[in-house]
Amino acid sequence: MRKISAIGIGAGDPAHLTVQAVERLNDTDVFFVLDKGSEKQDLVGLRQEILDRFVERPGYRVVRAQDPERDRTPADYRKAVADWHRLRTDVYEDMIRELGPDERGAFLVWGDPALYDSTLTLLDAVLARGNVEFEYEVVTGVSSVAALTARHRTTMNQIGRPVLITTGRRLEAGWPAHVDDVFVMLDAQCTFSRFVDEGLEIYWGAYLGTPDELLLSGSLTTELAAQIRSTRSAARERKGWIMDIYHLRRPTT
């Protein structure tokens, strides 16, 4: 039976890898890598750096495939995502076919596979088609949420209070009820700007764990919001892509 591992590789620093992840890397025959285009070759490069640094067994193979294009400004967001996932499922199925009947393959997943990543959904979709058989496991990784709080030396929650992890698209609807700490991912529109001067704190980070890491924090004033937007825009222009996250906090004490 083919075996597959979805290995969390952390938020950008190769040192984020757990001992379990390193052990699994050295038990893998084939590594699957999605090429997201020339602008995001840094992400492919990091994965190769991890293999060069931690894999001691010789003879492993790397199978690469082009990641399908995604409509970033769709009229129907859910349909666009569903169409994109269908195309990616095709790609995953083709890559998994490269495994021999008793080999192990691995996807190196940015952050943690369970948090705002489609790898597990796509593996389930391939299995549901019934065209290729395999078993898979999940190896947890350091999430961007964990990396952000560590770099800002803060906590996810306040005493006895809940935490929400959401997207910029969801935050556009307004501040969620009964929550004082909100982590926001996938927010190209800088939705935090609508909450300036309301007594909130913000902890923002981009390219966490990499040499290009950017961090800004403080009371969410008009001035700080503008600084974050400017810094984010300049970084994206310079690198061609950006991966960022922020934590909004309403202090309770």
- Between Y92 and F107, is a ring-ring contact (aromatic ring centres under 6.0 Å, His included) present by the stated rule, with each step listed? CA-CA 10 Å; Y92 270 49; F107 290 90; 4.5 Å; yes
Backbone of [Y] reached by a side-chain donor or acceptor of [X] within 3.5 Å:
{"X": "S230", "Y": "A226", "result": "no"}
{"X": "E201", "Y": "H247", "result": "no"}
{"X": "Q66", "Y": "D35", "result": "yes"}
{"X": "T210", "Y": "D212", "result": "yes"}
{"X": "R2", "Y": "L99", "result": "yes"}
{"X": "E237", "Y": "S233", "result": "no"}
{"X": "S118", "Y": "T121", "result": "no"}

- Least distance between heavy atoms, G141 atom then P113 atom: N-CD, 4.2 Å
- Check V184 against G168 and note the closest heavy-atom contact, atom names and distance. CG1-N, 3.5 Å
- Just checking, any donor-acceptor pair under 3.5 angstrom between side chains of R229 and S193? yes
- Query: Quick one: which of L220, I245, L215, D244 gives a side chain to side chain contact (heavy atoms under 4.5 Å, CB included) with W204?
  - Reply: D244
- Query: Do you know which of L51, V30, L25 makes side chain to side chain contact (heavy atoms under 4.5 Å, CB included) with Y60?
  - Reply: L51
Charged N to carboxylate O below 4.0 Å: is that the case for [X] and [Y]?
{"X": "D29", "Y": "R57", "value": "yes"}
{"X": "D67", "Y": "R88", "value": "yes"}
{"X": "R249", "Y": "D181", "value": "yes"}
{"X": "K79", "Y": "D83", "value": "yes"}

- Give a yes or no on whether the ring-centroid distance for Y116 and W110 is below 6.0 angstrom. no
- Query: How would you list, by chain and number, every residue that makes a side-chain hydrogen bond (donor to acceptor under 3.5 Å, both in side chains) with T166, sequence neighbours excluded?
  - Reply: none
- Message: Show every salt bridge (Lys or Arg N to Asp or Glu O under 4.0 Å) that has at least one partner inside residues 15-25, sequence neighbours left out.
- Response: R24-D27, R24-E137
- Item | Pairs where residues 107-127 contributes a residue and the test salt bridge (Lys or Arg N to Asp or Glu O under 4.0 Å) is met, not counting sequence neighbours | none
- Query: Can Y246 and I228 be said to form a side chain to side chain contact (heavy atoms under 4.5 Å, CB included), step by step?
  - Reply: CA-CA 10 Å; Y246 58 89; I228 294 173; over 6 Å; no
